[in-house]
Amino acid sequence: MAGIVIVFDFDRTMIDGDSDNWVVTEMGLTEIFHQLRFTLPWNRLMDRMMTELHSQGRSVQDIEACLKRMPIDSHIVEAIKSAKSLGCDLKIVSDANQFFIEKILEQHNLLDCFSDIYTNPTSIDENGKLRILPYHGGAASAPHSCNLCPPNLCKGLVMDYIRASSSSSSPKDQILLKRFIYLGDGGGDFCPTLKLRECDHVMPRTNYPLWKRISDKSSLIRADVKEWSNAEELQRILMQLVSTMTKEDS
């Protein structure tokens with residue numbers, strides 16, 4: 001049977017809210033965040049917020065405790081575990097960051113369900129401060145030239161890499177049988193959507209930027225489109241797709 005690769009965005013897809021905004025709000029950074037909101041790119045702004053927390057004497061453990069209070073809907077948890085149990089390869093491509101995503105997933109016992117997480121990397125410096133770095137254009141990676149994506153992360157390039165790596169260990173006649181389901185909500189999810197083929201599926205969240213872009217540029221989309229509006233619909237539609245694709249491939 002050909003493999004099914006499911007690629008999830010994180011914020012407003014796997015979780016209903018936004019992990020960055022959650023930390024900003026819960027840790028009392030709203031005022032300074034709005035003061036700096038339009039002076040820095042988002043990725044650098046969130047790194048600046050970590051500096052602010054450190055200057056206030058807040059520790060990495062405090063940030064972790066905040067993230068562990070972030071809810072994930074039970075329908076999302078069930079969908080992820082079910083898809084994993086059925087043999088799907090689950091990955092995350094997100095413009096959040098490594099620390100936030102991993103701590104939230106750990107709290108809900110979901111981290112081991114994902115084979116890869118592609119997101120902005122994090123580190124803890126010698127002073128114990130959490131640093132948030134860009135995925136593209138940082139010290140360890142070259143910048144990208146995509147005009148559809150923010151400077152710190154082109155999800156389309158990541159999708160190219162995922163497809164190549166997912167196929168690299170397969171015989172040549174199996175490469176075209178690797179099929180993808182992509183779930184997302186934001187404008188940054190449009191570029192990877194353009195990488196999907198007729199045999200793939202994209203699941204945009206209704207009335208969110210990805211859904212609007214797909215609606216406006218439908219002639220550019222080759223993948224089958226299945227929209228969803230809440231966690232219950234996401235679970236139902238995703239599991240229907242997995243069931244149908246599994247039967248087609250058997």
Side-chain angles (χ1 to χ4, degrees), residues 6-34 36-37 42-85 88 90-135 152-153 155 183-186 188-189 205 208 228 230-232 234-235 238:
I6 304 177
V7 180
F8 289 85
D9 176 39
F10 191 71
D11 293 323
R12 292 175 298 276
T13 299
M14 192 178 303
I15 58 175
D16 191 49
D18 179 286
S19 56
D20 289 342
N21 288 335
W22 175 267
V23 170
V24 166
T25 301
E26 294 289 312
M27 301 197 75
L29 296 172
T30 302
E31 184 176 351
I32 189 170
F33 178 85
H34 286 297
L36 299 175
R37 172 67 183 90
W42 188 277
N43 182 250
R44 287 174 56 196
L45 177 60
M46 287 307 300
D47 184 57
R48 174 68 178 79
M49 292 300 99
M50 298 305 101
T51 298
E52 179 64 23
L53 287 176
H54 188 262
S55 71
Q56 294 177 8
R58 311 293 288 276
S59 68
V60 171
Q61 289 73 28
D62 293 332
I63 301 169
E64 181 175 349
C66 173
L67 291 164
K68 287 184 174 182
R69 298 195 299 270
M70 182 90 203
I72 300 182
D73 191 283
S74 61
H75 294 93
I76 303 293
V77 174
E78 291 171 10
I80 290 169
K81 291 184 176 180
S82 295
K84 177 68 174 177
S85 70
C88 298
L90 277 56
K91 302 179 186 292
I92 293 173
V93 179
S94 169
D95 200 7
N97 67 75
Q98 176 189 357
F99 187 86
F100 287 15
I101 292 173
E102 288 184 356
K103 295 307 176 185
I104 293 170
L105 293 180
E106 283 176 0
Q107 179 65 18
H108 297 274
N109 298 312
L110 293 174
L111 184 58
D112 290 342
C113 292
F114 295 91
S115 60
D116 295 291
I117 299 175
Y118 301 91
T119 188
N120 299 299
T122 54
S123 64
I124 299 172
D125 70 12
E126 65 276 9
N127 298 313
K129 179 175 67 177
L130 180 65
R131 300 297 312 276
I132 300 174
L133 308 169
Y135 184 88
N152 62 289
L153 174 62
K155 291 186 177 183
L183 300 93
D185 72 283
D189 295 308
R205 190 170 186 178
Y208 279 69
W228 58 279
N230 56 51
E232 187 173 358
L234 183 154
Q235 180 189 23
L238 178 61

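Proximity of Leu53 to Asp62: side-chain heavy atoms (C-beta onward) are nowhere separated by under 4.5 Å. In this structure, the side chains of Phe33 and Glu52 stay at 4.5 Å or more apart for every pair of heavy atoms. Under the 4.5 Å side-chain criterion, counting only non-hydrogen atoms from C-beta, Ile32 is in contact with Arg48. Using a 4.5 Å cut-off on side-chain heavy atoms (C-beta onward), Tyr208 and Asp189 make no contact. Taking 4.5 Å as the limit, some side-chain heavy atom of Leu105 sits within range of a side-chain heavy atom of Phe114. Using a 4.5 Å heavy-atom threshold, the side chains of Asn230 and Asp73 count as separate. The side-chain heavy atoms of Thr119 and Phe100, taken from C-beta on, include no pair separated by under 4.5 Å. For the pair Arg58 and Ile63, the minimum side-chain heavy-atom distance is 4.5 Å or more.
Summarising the geometry of Pro121 relative to Gln98, their closest heavy-atom pair is CA-OE1, 3.8 Å, with the distance given to 0.1 Å.
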Residues Val23, Met49; criterion side chain to side chain contact (heavy atoms under 4.5 Å, CB included); working and verdict: CA-CA 9 Å; Val23 170; Met49 292 300 99; over 6 Å; no
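Within the model, atoms NZ of Lys81 and CG of Leu90 stand 12.5 Å from one another, a figure rounded to the nearest 0.5 Å. In this structure, Ile124 CD1 and Ser59 OG are separated by 9.5 Å, a value rounded to the nearest 0.5 Å. Distance check: Leu238 CG to Trp228 CH2 gives 10.5 Å after rounding to the nearest 0.5 Å.
Of the residues listed (Leu130, Ile132, Asn97, Thr122), the one engaging Met46 in a side chain to side chain contact (heavy atoms under 4.5 Å, CB included) is Ile132, and it is the only one.
Other residues, nucleotides and ligands contribute only 12 or fewer heavy atoms inside 6.0 Å of the CD atom of Glu232.
A salt bridge links Asp16 to Arg205: at least one charged side-chain nitrogen sits closer than 4.0 Å to a carboxylate oxygen.
Under the 3.5 Å distance criterion, with hydrogens and angles disregarded, no donor-acceptor pair is assigned to the side chains of Trp42 and Asp95.
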